[in-house]
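Below you'll find the structure, written out as structure tokens, and then a few comments.
In this chain, residues are counted from 1 in sequence order.
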Amino acid sequence: MFLLLLAASAAPLWSLEGKTAVVTGGSKGLGRAIVDELLSQGCEVLTCARDVTPLGGLPRCHAVEADVSCAEGRRKLLDAIAAHVGEGGGVDILVNNVGTNIRKASEEYTEAEYDLLQATNQGAAFHLSRACLPYLSRRRGCIINISSVSGSTIDNTGAVYHMNKAAMEHMTRYLACEWGPRGIRVNAVAPWFIRTPLTEPLLSDDAFHDAVRKATPLRRVGEPYEVACVVAFLAMPAAGYITGQVIGVDGALTVEGFRY
């Protein structure tokens, strides 16, 4: 009987049933995997993308066509959140997932390219986190930022992207401390190469794919669900004392040293 009572009391710790989540860039790749995982865990999900066609027909998923790298797109998403939760309503989970990259040498970037990457990869997360603060405060909710191993390593994907992800990771730590007294947790997930439409053109090059596998102690690339499951865990009550952390989902790439 004691074990049954213990299991019953612990069950909500591992559930997201009835929670409300906002996920940016949820139509494909990691964003879509995160949307699918949160839905499978019982969440109501509000997501956005520039093209929401792939999201049609998903139960408990509400999609908004919006580009959150700009103020107008963020306003569209925020209006949708306000309409969805109603006056005095709240949000339990915000996943800042949207991102993009332009790979080139540092001296070749134009100012417009720099501005685009900064606005998409870091600016959108900062502005949406601030704008969603009232909704998150009402639920003592959490923020999960999708970073990258590029936030702490050098992997030839472009200086600007690395700068953006490093900024996102320190923003994660700062907001965790600043907003912790309000009961809001802030964490980040930092993947290495994950098999998505964005990385498939690179991984289709056998030599490149072999180099990625060789650099990764697990000797393989990751799958989107492996990132999504970590996001879901960080959103659960079971992770209630984890905040200000950057969790690597990288097959041990970032702890690999020289081995002969």
Under the side-chain contact (heavy atoms from CB on, under 4.5 Å) test, residues paired with T47 that sit two or more places apart: V23, V35, V45, L55, C61, A63
Lys/Arg N to Asp/Glu carboxylate O, D36 vs R32, below 4.0 Å: yes
Same cluster (ILVMFWY, side-chain, under 4.5 Å), I247 and V186: no
Polar contact flag, side-chain donor to acceptor under 3.5 angstrom, T24-N97: no
Beyond-backbone contact of L16 with L38, side-chain heavy atoms, under 4.5 angstrom: yes
Cluster link I81 to L133, ILVMFWY, side chain under 4.5 Å: yes
Those residues that, when tested against C229, pass side-chain contact (heavy atoms from CB on, under 4.5 Å) (two or more places apart): E37, Y225
Distance-only polar pair, side chains of S147 and N145, donor-acceptor under 3.5 Å: no
Side-chain heavy-atom pair W14, P237 within 4.5 angstrom cut-off: no
Side chains of L30 and P191 in contact at under 4.5 Å (non-hydrogen atoms): yes
Non-hydrogen side-chain atoms of V95 and V231 separated by less than 4.5 Å: yes
Ring center gap for F193 and F208 short of 6.0 angstrom: yes
Pairs flagged by salt bridge (Lys or Arg N to Asp or Glu O under 4.0 Å) wherever residues 221-234 is involved - sequence neighbours left out: R195-E223, R220-E226
Same apolar cluster: L94 and V246, side chain cutoff 4.5 Å: no
Over all atoms of both residues, closest heavy-atom pair of S27 and P54: O-CB, 3.8 Å
Side-chain H-bond candidate by donor/acceptor type, T100 with N121, under 3.5 Å: no
Crowding at CZ, R60 (>12 non-hydrogen neighbours, <6.0 Å): yes
Interatomic spacing from CD1 in I184 to CD in E178 - rounded to 0.5 Å: 10.0 Å
Sequence neighbours excluded - salt bridge (Lys or Arg N to Asp or Glu O under 4.0 Å) pairs with any residue from residues 155-172: none
Side chain proximity check, I143 to R185, heavy atoms < 4.5 angstrom: no
Residues that D92 engages under salt bridge (Lys or Arg N to Asp or Glu O under 4.0 Å), provided they are two or more places apart: R139
Hydrophobic cluster membership, W192 vs L198, 4.5 Å side-chain cutoff: no
Flag side-chain contact, heavy atom, 4.5 Å: Q41 against M236: yes
Check: M163 and Y114 side chains under 4.5 Å, non-hydrogen atoms: yes
Value rounded to 0.5 Å, distance of CD in Q245 from CD1 in I144: 13.0 Å
Minimum side-chain heavy-atom gap T20-L46 below 4.5 Å: no
Pairs touching residues 101-120 that satisfy salt bridge (Lys or Arg N to Asp or Glu O under 4.0 Å), sequence neighbours left out: K104-E113
Crowding at OH, Y109 (>12 non-hydrogen neighbours, <6.0 Å): yes
Within one Ile-Leu-Val-Met-Phe-Trp-Tyr cluster: V227 and V212, side-chain cutoff 4.5 Å: no
